[in-house]
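First comes the structure, then the notes that go with it.
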Amino acid sequence: MTLRIYNTATRRKEDLVLLREGNVGIYVCGVTVYDLCHIGHARSAIVFDVLVRYLRASGLNVTYVRNFTDIDDKIIARANELAKDTFALAQQYIDAFRNDMKSLGVLDADVEPRATDHIEGMIKMIETLLERGHAYQQGSDIFFSVESFKGYGALSGRRLDEMQAGSRIAVDENKRHPMDFVLWKAAKPGEPKWESPWGLGRPGWHLECSVMSNRYLGVSFDIHGGGKDLLFPHHENERAQSLCANGGEFARHWVHNGFVTIESEKMSKSLGNFLTIRDALKSHHSQVLRLFLLSKHYRSPIDFSASGVEAAQAGLVRIYRTLERLDNLLGPGKTNVDNKAFSAGDLSQGSNEDSFLPQFVSLMDDDLNTAGAIGLLFEKVRDINRLMDSSDTLRDDSSLRRLEDDRKDILAAGQVLGLLETRPEQFFAELTRPSEAGGIDPAVIEEMIRERTEARAKKDWAKADQVRNRLKEMGVILEDGPQGTTWRLDV
RNA sequence: GGCGGCAUAGCCAAGUGGCUAAGGCAGCGGUCUGCAAAACCGUUAUUCACCGGUUCGAAUCCGGUUGCCGCCUCCA
C-alpha cells in the first residue's frame, strides 16, 4: 500500500513518506469544548477515523493524537453566561463529545490531551520564543511576531502584505504587526489563570497544539489534520510557533477536510442552521450518517439534506439485506475481521488486481477515495446477490466458498469505513427503533399472518391481500418465501 | 482587494489524457411471485456549465466567459 494523499502545504497529492518506517504519527485538532458538536465535527472525526483505520489495516503502527481545547475565550464567555465554572463546562462537553463519537462508531484516539494539562509546556515554549526573538512582551501580554518568521503564510498560501488584517475586526493596538497573535494573555478578573513569568494569565489559542503535538509525537511528525477552517490562522500560527521554537519539520503532511453545508450554506450559529450530532442521531441511524458523510470525497463540501441521508439509508439497507441473506445461507459471519487485512503480504496472496480488495486498496490509496470505494462495495453486493440467485448455488461448494470469501472481503472493507460492523438483524432492529415501531405488537402480527396463511391455503386471495394491506398500513411488510412468511418493518 | 475550490443524468456522486463516462437513490419495463416484497436483468448523460486552444485523442491539460461556494475574524 502506498497512500497518496493531498498535502495542503504543497497543494498536491503526495505519497505519504513516513518519518520512521512502519510508524505513523498523526495529530488532529479536536474540538473546543464549549458546546455540543455538530455534524461538521462528525465529518471531520469520521474522515480521520477512516484514515487511521485504513493506516492500521495496512499494517502500520499508528499513534493518533486528538486534543481537546479546554481553555479559550469562547469557553470563558459561555461559562459566564451560564454562571458556571469553566472547568466544569469543559468537562461536560468533553463527556458529550466522547458520547457522540462513540455513537458514531469513531474510535478513541491513542492520546486525547487537554490544553490545561500542558500549561507548563506552553510557558516554556513562550520563553524559548522570547529568547529567540520571535515573541515580544507588551504589558502582561506576549505576542508572536509574524515578521520574525520568513516562512509565515507558506502553509496557507498567503502573503502578509496581501491579507486584509483588521478589515472585519479591530486590530489590537499593542501589536507590532496586525497579524501578530497572542501567546499569553494577562488574566482579567474572574477568568481562569495560571502563574507565569509574566504574571497571572492564560495561554492564547494555537499554542496548545504546538506543545501537545511535540510532547506526544516529537518535533517532526507525519500527519497533521483538521477541518479546512483551521488552516488559517490556526495551523499557520501553530506551524510558525513550532518551527521557531523547536526547529525540525513540524508536520510533514497537512490534511484538511471540507465543510458540511446545509442547504448549500456553511453551518453557523449566526445563521441558526447547524445540526448537532445528537439531533442528527435522533432521526438517522449512525451508520447511515457515516455512509452519507463518506459518500463524498473528504475535501469537497458535502451538503446535508434529508433526501441525501434517506438515499444513503436505502443503500445501506440494501447492503445489510445482502448480508442477512448471506447469514441465512452460510451462517453468521464474523463481525470482526483481521484488522491487518490490507497489508501488502495479505493482499498479494492469491488475488489479482481485478479482485475486490486490491481495487478497494487502490481507491483508498488515491487520496482516500471513500466515495469510489463505496461504489465498489455496491458492485460487490450485486455480484453476491447474483450468485445467490443462481439456482444451483445451494448445492455448489465452490460457490459457497466464494460467497464466504466475498463476505469476508466486504466486511473487511466495511471495517475500514467503520460500517457493516453490526449484525444485520440488529441493524434492522436499530433502524426501526427511532421511528414509531413502538405501537406494533409482534404477537398481533403473527396472528394476522396465520390468518392470511390459512386464507392462502384456501386460495382465498382477496382475504389474503386484505391482511397484507392492513399490515402495510401499519408499516409492516410481508415476504413470502420457501420457508413461509416473514415480516419486517418498512424502512 | 488577495487566495482557494466547485460546475458530470430527475437527485446524490466517482472518474482528472485513450476500452461501452463507476456506483447509489428515484422512475419505467421485464424475470420471479396467486398478488406482493426482496433480489436479478434491461432502461434513463453520443455526453461531462459555456467558448476557444493544445493533442492522433480531453469530462480530464491550457486560456477565457458565466454561475455557485469557502477562506483572509472564532469555527471541524
Side-chain angles (χ1 to χ4, degrees), chain A residues 8 11 13 28-32 34-35 37-48 72-74 77 153 156-159 161-171 179 205 225-234 236 256-261 264-270 274 291-292 295-297 299-303 305 307-319 321-322 324-325 363 366 369-382 384-390 456 459-462 464-465 468-469 472 477-481 485-488 490:
Chain A
T8 314
R11 283 157 276 273
K13 283 188 208 174
V28 175
C29 288
V31 290
T32 300
Y34 72 104
D35 204 348
C37 288
H38 54 63
I39 51 176
H41 297 105
R43 183 186 198 190
S44 185
I46 288 169
V47 163
F48 290 104
D72 150 284
D73 289 352
K74 291 192 295 295
S156 57
R158 294 155 212 261
R159 290 165 36 149
D161 51 12
E162 281 169 350
M163 284 189 273
Q164 295 189 322
S167 65
R168 289 159 77 185
I169 196 167
V171 173
M179 297 311 295
W205 188 38
K228 234 170 201 162
D229 44 1
L230 295 178
L231 176 58
F232 190 92
H234 183 53
E236 191 69 57
H256 291 97
N257 65 275
F259 298 126
V260 178
T261 60
S264 304
E265 279 192 318
K266 187 187 164 184
M267 280 191 292
S268 83
K269 302 217 163 167
S270 53
F274 76 99
L291 180 67
F292 172 75
S295 66
K296 191 155 184 196
H297 187 88
R299 280 190 283 123
S300 305
I302 186 168
D303 196 45
S305 68
S307 62
V309 181
E310 279 159 22
Q313 170 164 316
L316 190 61
V317 164
R318 177 176 157 75
I319 300 175
R321 270 207 262 268
T322 299
E324 192 171 45
R325 271 185 91 182
L363 286 162
D366 184 13
N369 186 355
T370 53
I374 288 165
L376 184 69
L377 203 58
F378 278 109
E379 285 181 59
K380 193 64 185 170
V381 163
R382 193 183 50 218
I384 291 170
N385 281 323
R386 202 184 284 151
L387 186 54
M388 285 194 289
D389 279 352
S390 70
R456 290 180 74 211
K459 297 206 191 303
D460 184 354
W461 307 129
D465 289 348
R468 180 196 287 291
N469 290 333
K472 189 168 184 193
I477 303 292
L478 296 184
E479 297 187 356
D480 298 326
T485 300
T486 56
W487 65 278
R488 63 178 168 85
D490 197 8

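Residue numbers start from 1 in every chain, and the chains themselves are labelled A, B, ... in the order their sequence lines are given, proteins ahead of strands. Because the structure is predicted, anything quoted here is derived from the model rather than measured.
Remark: ring of Phe378(A) not stacked against base of rG23(B); the cut-offs of centroid gap under 5.5 Å and plane tilt under 30° are not jointly satisfied.
Between the C1' atoms of rU54(B) and rU60(B), the separation comes to 14 Å (whole Å). rU47(B) and rA7(B) are spaced 15 Å apart, taking the C1' atom of each and rounding to whole Å. Nucleotides rC48(B) and rA22(B) are separated by 15 Å at their P atoms, to the nearest Å. Rounded to a whole angstrom, the distance from the P atom of rG4(B) to that of rC19(B) is 32 Å.
Phosphate contact (OP1/OP2 of rA38(B), side-chain N/O of Asn385(A), threshold under 4.0 Å): absent.
Among the heavy atoms of the strands lying under 4.0 Å from Arg488(A) are primed sugar atoms or P, OP1, OP2 only; no base atom is included. Among the heavy atoms of the strands lying under 4.0 Å from Val260(A) is at least one base atom, whether or not backbone atoms are also near. Using a 4.0 Å heavy-atom cutoff across all strands shown, His38(A) reaches at least one base atom of the nucleic acid. At the heavy-atom level, Gly227(A) lies under 4.0 Å from the strands shown only through sugar-phosphate atoms. Using a 4.0 Å heavy-atom distance criterion, Ser307(A) is classed as making no nucleic acid contact. Counting non-hydrogen atoms under 4.0 angstrom, Gly157(A) reaches the backbone sugars and phosphates but no base.
For Arg386(A), the listed nucleotide lying nearest its side chain is rC40(B); candidates were rC40(B), rA13(B), rG34(B).
Within the 4.5 Å cutoff, the side chain of Gln313(A) has heavy atoms near those of the Val317(A) side chain.
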